Amino acid sequence: MIPDELNASQREAVSHEGGPLLVLAPAGSGKTRVVIARLLYLFDRYGWTDDRILAVTFTRKAAREMLQRIAVFRPSFRPPWVGTFHSVAARMLRQHAGRIGLPKEFTIVDAGDQRQMIRDLVESSALSERDHDPKGVLSRISQWKTTGISPDEAEKTSFGPFRAQAALYREYQERLDLQKALDFDDLLVRLTELLQKEEEVRSFYQEQFEHILVDEYQDTNAAQETLLRLLSRDRKNVTVVGDDDQSIYRFRGADVGHILSFPKEYPQARRIVLSMNYRSTRSIVGAASSMISASLSRFRKEMSSTGRSGEPVLLKQLDHERDEARFVAERILKRVAEGGSFRDQAVLFRMNAQSQPFIRAFGDRGIPFQTRSGADGFFTRKEIRDLLAYLRVCANPFDRVSLFRILNVPPRGFGDKTRQKLEHLSAESPLPASLLLEALSRDLGGKSGEVALRLSEDLARGATMVQDHGVPSSLLSFWLARTGYEDYLADSDEPGGSSRSRLENLAEFLRMSERFEQGKAFDKDRMPVGVFLEELALSQEDPGDPGAGEMPDRVSLLTIHQAKGLEFSHVYLTGAEEDVIPMKSRERTDVEEERRLFYVAMTRARDSLAITYCLTRQLFGRTDSQKPSRFLLDLPKEAVSGDRPVMRAVPFPAHDRPSPPARPPESGRQSPSRSLRVTGEPRPSSPVVSNPDPKPAALPRPEWVGKSVVHPRFGKGVVESASGAGGDLELTIRFEGTGVKKLLEKYSNLSLSE
DNA sequence: GTCCTCGCGTTTTTT
DNA sequence: ACGCGAGGAC
């Protein structure tokens, strides 16, 4: 069952028996192959007919790939517990919805709905939207939720501007609860609560799952981590696979600490490092590894490469982003002239705004390209969201966001007055939509009363269709007919003939629903409309790209984030400048994460990598003069060619260095004679190894305080205080160059300087 | 209600 | 540079 083509450590990872397992799988190390092989191995081991294996990923794409690969081996086998964290959680929650007071067809609200809810709340409170932009509020709420902080706790512990946000959090949650709706975070949080509260359910799953596999473990947030522990009996039977160096989603709650502390918390865990790179040339592997090794908190890994040495990584300095685009365009054409293809090449940048010059340059030269548009997806279109709202209010008659969305769309003569009346009614009595509208109808009387009554009846009928296991396409047709939605679109002539494209979207949506229904055997206990809505809510994929078929022969223009998990023969990493990568941000820039981002970008390349930086760049309407990215300084001479930026004496650019540090009393002489390597990281028992230097045990906590230390990147500093103990000893250090930082002692690579 | 103008802020993105 | 949202004018 274990494929022959695996190397020794890969095989070891695949066939590991018993106990927690951490597989460190750097870029290009054959991670996917190992994950799939291990899954197949586990199914073999624990039975293909049972639900004994839980495998979770972060993206639909990864989940789909797992399922497809499994299907190759057992075409008829559909493992029920392979999916994204969220889809698995939704499945479990629906199974036990009653226990937490939810109907089976609870709504999953998406980002658009969340935004709308927050805006409504901000509007109805005395707060100004200025200080409470929905995005900021939502990300705060998400932070609270995923770290297990309830609205009450948030209100108790927040001050200043956060106080108001905590109040919004409470109202937002109340509103969700009232409508029997969950947001994405709730899927994890509510399931966690359920498992904690209901011993029966907990042990049911704990016993069911012989083994749990988590992919991209470095991306877990606190909620997912908690969930994982619950399901895996404290991770006794778990395989986590990931790469700490590729953790680039901190801004959305991912915490690289989970993977880093895994061996600490589970000393009995096996750790396997896949250290052979199969993807890239030796130049690329060498350059990338030495760049990332300057990282502060990471497992030390040494990569070897099976590849040929290849051409050196090319550094190229340009005057302006237009020159940069031109340079890249010419190089792409050259590769093609040499027999390469467009689809094998990718231009990477830190932010979407950088893509413009490339789009122009490629257009001028007739280079075919594709961008992965972000927010302008199919499912953010008004007409699609309207129709979805109709479906949702039928599936879950308590879904108020959807009800209010469709209330006067198409216009049926309901104005602000009616809306307010309905809001009052809704607040007074939590009724299903049809009954609510009936009450409204009585309230209004007259002509608008009749309109309300008609809508009420339609809603009741729609809800019945859902209950009777009607399929989405019939429900859609029903609503299109009852509302005259198509006429409404056709009549609303907007500039640019967009009503035409809206009608086309509508038709596409209808086709999508039909495709969904085809050849599908629905569970008897699930409503088809519910399943349809859940799939859409959890995927948000454009129907146009089912991932099947040949990739068109085009150059990819991608942000580094979008490029994660992909690989190309030729990669152009552009805008390698200070304030671009690492990016300047309002809040404190997380240079560590930016470095990992740079690493992810570099390691996308198989055969060649060119890194470009400009002396000036127009950004946000202003032309700035730029400095080369500090990350370029960590590229080894022997692996690169071209315009190497000049080494600086200081590892950080001047503007990054804060005011002269408050120097604590110097203790005598300053000789770095005694240099002590201190790290608490256990030696890996894996085939390949990290840093061979033997290390003395960590200093006990009080020993550190007041010591002068030297850090490889931050330079000299003094330990101000220490907290935590053992492996979690955290030191607060005031560095001369960079101010106060908190470092985990075990990863800090500190030397004592006396 | 709707149109226009002014001012501000500006990453990364999945589920 | 540009888009979006708030707020004023009609």
Side-chain angles (χ1 to χ4, degrees), chain A residues 56-64 83-91 93 108-115 119 122-123 127-136 138-139 142 145-146 182-189 191 215-216 219-221 223-224 227 246-254 321 348-357 372-377 379-380 408 411 415-417 533-541 558-565 575 579-590 593-594 596-598 600-601 617-624:
Chain A
V56 283
T57 62
F58 284 83
T59 63
R60 303 278 290 189
K61 212 170 121 196
R64 203 174 354 169
T84 62
F85 263 105
H86 291 87
S87 68
V88 162
R91 191 185 181 103
L93 278 173
I108 299 172
V109 302
D110 61 29
D113 301 328
Q114 289 183 297
R115 217 175 116 95
R119 290 174 76 150
V122 170
E123 200 184 331
L127 304 164
S128 74
E129 186 147 338
R130 250 200 148 40
D131 312 319
H132 297 279
D133 76 298
K135 232 176 40 198
L138 281 166
S139 91
S142 175
K145 281 194 179 187
T146 52
L182 305 190
D183 64 19
F184 287 123
D185 293 325
D186 284 336
L187 290 173
L188 308 172
V189 172
L191 178 60
D215 193 15
E216 304 280 12
D219 288 332
T220 37
N221 67 28
Q224 288 158 333
L227 196 50
Q246 293 186 70
S247 171
I248 56 172
Y249 283 111
R250 200 178 115 142
F251 67 91
R252 62 176 208 222
E321 73 264 16
L348 307 189
F349 31 79
R350 175 67 237 265
M351 52 189 157
N352 286 117
Q354 288 168 252
S355 67
Q356 279 315 309
R372 283 243 298 255
S373 47
D376 58 338
F379 291 100
T380 58
N408 201 35
D416 240 16
K417 277 272 166 54
L533 289 174
E534 177 171 313
E535 280 199 13
L536 292 187
L538 293 181
S539 80
Q540 304 280 315
E541 277 170 337
L558 301 165
T559 66
I560 301 172
H561 285 92
Q562 291 166 339
K564 180 158 180 238
D579 296 347
V580 175
I581 182 166
M583 168 163 276
K584 183 168 62 180
S585 73
R586 259 189 299 108
E587 312 262 303
R588 256 195 64 70
T589 296
D590 185 345
E593 176 128 332
E594 298 286 321
R596 294 191 291 260
L597 215 35
F598 202 86
V600 167
R617 175 176 297 274
Q618 199 181 68
L619 212 49
F620 308 132
R622 198 199 287 343
T623 302
D624 294 323

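Just so it is clear, the model here is predicted, and its values are computed rather than measured. When reading the values below, keep in mind they use all heavy atoms of this one structure, side chains included, and skip hydrogens, waters and symmetry mates. Proteins come first, then strands; the chains are lettered A, B, ... in the order of their sequence lines, and each starts at number 1.
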Do we count A/F58 as stacking onto B/dT14 if the rule is ring centres under 5.5 Å and planes under 30°?
no

Side chain of A/R60: nearest nucleotide among B/dT11, B/dT15, B/dT13?
B/dT15

Rounded to the nearest angstrom, tell me the gap between atom CG in A/L597 and atom P in B/dT12.
11 Å

Shortest side-chain distance from A/R119, nucleotide among B/dT13, C/dG5, B/dT11
C/dG5

Can a side chain N or O of A/N352 be found less than 4.0 Å away from OP1 or OP2 on B/dT13?
yes

Check this one for me: any side-chain N or O of A/Q562 less than 4.0 Å away from OP1 or OP2 of B/dT13?
yes

Flag if over 12 foreign heavy atoms under 6.0 Å of CZ, A/R250:
no

note: A/K564, atom NZ; B/dT15, atom P; distance rounded to Å ~ 12 Å

Angle class for the A/H561/A/F251 ring planes (parallel below 30°, perpendicular above 60°, tilted otherwise)?
perpendicular

A/I108 has an atom CD1; how far is it from atom P of B/dT14, in whole Å?
17 Å

Whole angstroms only, please: what is the CG-P distance between A/L536 and B/dT15?
13 Å

Mark yes or no for a side-chain to base donor-acceptor pair under 3.5 Å between A/R350 and B/dT12, with no hydrogen or angle criteria applied.
yes

Answer with base, sugar-phosphate or nothing: what part of the nucleic acid does A/M351 contact at a heavy-atom distance below 4.0 Å?
sugar-phosphate

Roughly how far apart, to the nearest Å, are C/dC2 and B/dT13 at atom C1'?
22 Å

Taking NZ, NE, NH1 and NH2 as the nitrogens, is one of them in A/R350 or A/E594 under 4.0 Å from a carboxylate oxygen of the other?
yes

Among C/dA1, C/dG5, B/dT12, the one nearest any side-chain atom of A/F620 is C/dA1

At under 4.0 Å between heavy atoms, what does A/R115 touch on the DNA or RNA strands: base, sugar-phosphate, or nothing?
sugar-phosphate

Which residue is it: A/I108, A/L538, A/V56? I am looking for the one with a side chain to side chain contact (heavy atoms under 4.5 Å, CB included) to A/H86.
A/L538

If you compare every side-chain N and O of A/T84 against the phosphate oxygens of B/dT14 (OP1, OP2), does one of them come in below 4.0 Å?
no

Integer-rounded Å distance: C/dA1 C1' and A/R622 CZ:
12 Å

From NZ of A/K135 across to C1' of B/dT11 the rounded distance in Å is 8 Å

When rounded to whole Å, the CG to C1' distance for the pair A/N221 and B/dT14 reads 11 Å

Heavy-atom nearest pair, A/S539 first then A/R60, reads CB-NE, 3.4 Å

Atom pair distance, as rounded to whole Å: CD in A/Q618 and P in C/dA1:
6 Å

